[in-house]
Amino acid sequence: MIAYFVMECAVDSRIPTYSGGLGILAGDTLQSFADLEVPAVCITLLWKNGFTNQKLSNDGSQIDSAQEWDIEKYMQPTNIKIKIPLGGKDVTITAFKYIVESIKGDNEIDVYFLTPDTLENDPETRKICDRLYIAGGLTRLKQEIILGIGGYEMLKALNYRPFLYHINESHSAFLIAGLMKDMDDLNRVKSRVVFTTHTPIPAAFDKFEMKDVKDMLSRYCEEKVFNDIYREDLEEKDELNLSWLAIKNAKNVVAVSRKHKFVSEHIFEGYKLKYVTNGIHHVKWASPHHKMLFTKFIAGWEEDPDLLRGASCIPDGDFLQAHILCKETLIEMINSETDSSFVTSDFTIAMAKRITHYKRNNLILSNPDKLIEIAEKKGNIQIVFAGKAHPADTDGLAIVKSIYDVSRYISSKTKKVKIAFLENYNIHKANIILSGVDLWLNNPTRPLEASGTSGMKASLNGVPNLSVLDGWWLEACMEGINGWGIGPKPAWTDLSYSDDMHDLNDIYGKLEFNILDLYYKNYSDYIKIMKMAVSSIAPHFNTHRMVSEYVTDLYLTGIIMCYMEKEKEGICDI
Ligand SMILES: *Cc1c(COP(=O)(O)O)cnc(C)c1O
């Protein structure tokens, strides 16, 4: 059994326990575990008030509030309670269970959402896991101890005996202290741990004061455990960096794309990483119209997404019909939520994702006069924006405001360029936006996009990408055949940053001299690219392929090691 640990998990569009890519990937991975019958269990945290509910004020500023939802409507409480010592207190933790059912309905994966919100705890303790990523400092430390150590102990209490612990992003790395406490042998611990690193931005790695960590865990494990799992020589003095903790104590460290492997090896100097490029769950992310289309022309695609290469043979008329129905749904949503009066016939671009500095969400609006000039020459342009900024991310909040401000400027100048901002981006809206536009725009600063997955979802629905050559797109892009790149194509080991002006000129240039002409004057060639987006991307960039690679390259290695140790008792279940 694999124990999959993750801080955020998006298992259902009505459960707001996620912020972005990491949580969505976890949900898609669990779905593929269920479909492919991989024995696994997931540990995550129950974010009682979600991440952030986004509204825009009259002047385009983001207003944050908690996301209320009804836990017991979607999850079963378990009666299991465990106690873990957290500093001076014993904290009681319970879990709610959610079941991910396979698409065929014949298999299940259990997901345990942990929470300290129980009657036994004082009011302050009960609130530790209220909101995802909002609290920092000691509260964040407590959350991550509950995830790592609480999760580890909860699995024991529930009688699971995982042979491998898969740490997804370092938030849950404290589980290593639990393993070390029970096994007391660094090499044995390492053989049980797989760590996937999901971001190449060291500023985003969790770091805590060593003193706080020792205080918090002083009654859980002996100081020796820390001395074993932590190596002072490699870290900032008196600081515990969870990414380093995970790296040093995992047999295998995994990056989420080939490019990300090289970027991460530069950060984690001295370590060799493997890589498994991320994917999406093809059935979850196909629009209702594309599901019907694929079922009609590509029998078996649900079980075997490899078959989607057959999308090339779908007749243009049927293919286009599915796209237009999706586009109508999107335009209806935009026109009912905003006053931007989009029309179905106009070329429509999406920029929808978390809003933060490196994603450069407003890059395309940097020169609004140029954008207007392109539309006047080549045809109307509509751009739909969506995404939440973290409520404490001043750069992100400024981007939200600037999108609003520039859209006001543009609407005062022309009707040929229209901008809409959809509030409160989530899975449901993502599904409608990414299947309903004509072009999926993605322009993070290279090389900071570890993989990216939203462009895979667009491709699956026949929407081509115009995207920076980084992360997954560097593996997938065939220029002018299944989409377009932004900026120069870097070598795998090239760690240089992309240049804003250069990328911007490339976006404007490709729109003006390439993409808009195809859309407005040569649509049959545009449809060819749309079909190639499906047939060349969907068969590979899905979580069935991703999970199969994890199983053969990482999980099975773990089982073989267990056999080699001839372990018959303890934590190993073989
Ligand atoms: C897929 C998805 C993401 C991740 O998007 P990236 O562009 O890969 O960062 C974030 N939010 C939602 C709602 C998604 O569906």
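All values below come from the heavy atoms of this structure, side chains included, with hydrogens, waters and symmetry mates left out. First listed ligand is number 1; within each ligand, the first listed atom is number 1.
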What part of Ile280, side chain from CB on, backbone N/CA/C/O, both or neither, has a heavy atom under 4.0 Å from ligand 1?
-> neither

Which part of Trp472 is near ligand 1, with near meaning a heavy atom under 4.0 Å away: side chain, backbone, both or neither?
-> neither

Protein contact to atom 9 (O) of ligand 1 [nearest heavy atom, distance to 0.1 Å] | Lys359 NZ, 2.7 Å

Do you know the tightest heavy-atom contact between Phe51 and Leu132?
-> CD1-O, 3.3 Å

Test item, Lys429 contacting ligand 1 (heavy atom, 4.0 angstrom) | no

Under 4.0 Å between heavy atoms, the region of Ser454 that gets near ligand 1 turns out to be both

Protein contact of atom 11 (N) of ligand 1 - nearest heavy atom, named by residue and atom, plus distance | Tyr425 CE2, 3.7 Å

Would you say Lys457 touches ligand 1, if touching means a heavy atom closer than 4.0 Å?
-> yes

Using the benzene-type ring in the case of Trp, are the ring centres of His166 and Tyr550 under 6.0 Å apart?
-> yes

Could you tell me whether His289 and His323 have their ring centroids closer than 6.0 angstrom?
-> no

Whether Tyr555 and Phe33 hold their rings parallel, tilted or perpendicular, with breakpoints at 30° and 60° = tilted

Would you mind checking if Asp553 and Lys274 are paired as a salt bridge, meaning a charged N to carboxylate O distance below 4.0 Å?
-> no

Which part of Thr453 is near ligand 1, with near meaning a heavy atom under 4.0 Å away: side chain, backbone, both or neither?
-> both

